[in-house]
Chemist: 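My structure is below; once you've seen it, I'll send some questions.
Please read these numbers as outputs of a predicted model, since none were measured by experiment. Position 1 is the first residue of the sequence, and the numbers go up from there. Side chains are part of it too, since the values below use all heavy atoms of this structure and drop only hydrogens, waters and symmetry mates.
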Amino acid sequence: MAKSEFLNVLEARGFIHQCTDMEGLDALFVNEKPVAAYIGFDCTAPSLHAGSLMQIMLLRWLQKCGHKPIVLMGGGTTKVGDPSGKDESRKLLSDDQIQQNMDGIKKVFSQYLKFGDGPTDAIMVNNDDWLKNINYIEFLRDYGKHFSVNRMMSMDSVKLRLEREQHLSFLEFNYMILQAYDFVELNKRYNCRLQFGGSDQWGNIINGTELYRHLNPREIISSGFTKTKEQASEIVKQKQRDYSLKHDVFGLTTPLLTTASGAKMGKSADGAVWLDAEMLSPYDYWQYWRNADDRDVGKFLRLFTELSLDEIAKLEALKDSQINDAKKILANEVTALCHGKDAAQKAADTAQKTFEQGQLGDDLPTIEIPRKELEAGIPAFDLLKRASLAESGGEARRLITGGGAKLNDEKIVDANQPISLTHANSNGVIKLSAGKKRHVLVKVV
């Protein structure tokens, strides 16, 4: 059992997969406060999705336990692309696209972390600040010599791509060196001592800790603390004696998270479960968690909420239909963290009206259709597609043929059935449904 509060929380809630030196890291958290730790996020989309939620909650717990989170935005590494877990090269983005994505991701983090200038306030930094000015020859000379190509070829992120005979560019091959260099820069600039990541990042994280140890005496010299390599090495040894540490920096990974059905976390039948309300409504986000598999409820409560472990134990012990009460609590808690308590309550109220009282919930996803279009009538398959209840006209037709499409809670039997103003209620609203749990309101404007 860990002695530090932070690692105790991680162990009890299931956040820990691998650590470079658990005993040493525990000693660091006991003896030094605050400890600065980081996770890197590349800017490949305008928001993060639920697949990143474990890492986000990790940083949140770090701050709650009195330490300092560093959110590293990969403005530079996004231009390269991490091959980990990928079968093909990442699409390269322009500087403007990267900046737009970065701005969107910043909005997400503001819900989970307190940013500022205080000792435990989170900071957000961009690795393009130091990567964009690298002199290639000097970088290879000073840092490239510490990386073995033989070893890099054996890492899963590279090996799996080669085994599948998928193209791996030299650009992507450089990614792990740049990530390792990020750790060195963050240590030098912010005294960052720990890197977090998913289990697929283990090899990259190890590279960062090892590069630091190769460079550490020289970095101390360049910082002006001492004049010789021997003196610098003695300082490092003294640090290690003081904290009983094997290494001065650490890496920790979270387990690969899948749902009980084997699906990748953060994906649903409708696509990514985005954390930005403009990309996925709070109601749809709430519904994603409300529809969790019974077997996942306890795990999700531990990882994605701040409820006490005693309360979680009671909730996950519920059986049969009572487990639905635990799912509602899960949905409320997770949505409140991401979108605020008011949005979570509105989503819960809407679900109750829609599913338990048969009413039109106020917070259901809504689209607006001009009155003129509805006067003429819109084919049912087309309106389902426009309401994002189907990705294509063909999918909408299959939904109707399979009996899964409804208009004002009545089954649609003809894909070409015109939906018009006659179907709107007194408030000018039409309800469309796909299955039992997906609903959209069509508002006449």
Chemist: Please tell me if the side chains of Phe29 and His67 come closer than 4.5 Å, counting only heavy atoms from C-beta onward.
Modeler: yes
Chemist: Would you indicate whether the side-chain heavy atoms of Thr78 and Met102 approach each other to under 4.5 Å?
Modeler: no
Chemist: Got a sec, which pairs hit side-chain hydrogen bond (donor to acceptor under 3.5 Å, both in side chains) with one end in residues 3-17, sequence neighbours left out?
Modeler: Ser4-Asp26
Chemist: Contact between Leu303 and Leu257 at the side-chain level, heavy atoms closer than 4.5 Å - yes or no?
Modeler: yes
Chemist: Quick one: do the Thr77 and Gln179 side chains pair a donor with an acceptor below 3.5 Å?
Modeler: no
Chemist: Between Asn332 and Trp289, does any side-chain donor sit less than 3.5 Å from a side-chain acceptor?
Modeler: no
Chemist: Angle between ring planes, Phe304 versus Phe300, binned at 30° and 60°: parallel, tilted or perpendicular?
Modeler: tilted
Chemist: Could you tell me which residues satisfy salt bridge (Lys or Arg N to Asp or Glu O under 4.0 Å) with Arg189, sequence neighbours excluded, listed by chain and number?
Modeler: Glu185
Chemist: Measure the shortest side-chain to side-chain distance between Leu383 and Leu407 over non-hydrogen atoms and say whether it is less than 4.5 angstrom.
Modeler: no
Chemist: Between Asp96 and Gln100, does the side chain to side chain donor-acceptor pair (under 3.5 Å) criterion hold? Intermediate values first, please.
Modeler: CA-CA 6 Å; Asp96 287 343; Gln100 289 172 10; over 6 Å; no
Chemist: How would you list all residue pairs meeting side-chain hydrogen bond (donor to acceptor under 3.5 Å, both in side chains) that involve residues 311-323, not counting sequence neighbours?
Modeler: Arg302-Glu316
Chemist: Apply ring pair (Phe, Tyr, Trp, His ring centres under 6.0 Å) to Phe183 and list each qualifying residue two or more places apart in sequence or on a separate chain.
Modeler: Tyr38
Chemist: For Trp202, enumerate each residue passing the ring pair (Phe, Tyr, Trp, His ring centres under 6.0 Å) test, keeping only those at least two apart in sequence or located in another chain.
Modeler: none
Chemist: Does atom NZ of Lys406 have more than 12 heavy-atom neighbours, drawn from other residues, nucleotides or ligands, at distances under 6.0 Å?
Modeler: no
Chemist: Identify, with sequence neighbours excluded, every residue that meets ring pair (Phe, Tyr, Trp, His ring centres under 6.0 Å) alongside Phe109.
Modeler: Phe41
Chemist: Can you check whether Phe250's main-chain N or O pairs, donor with acceptor, with Arg193's side chain at less than 3.5 Å?
Modeler: no
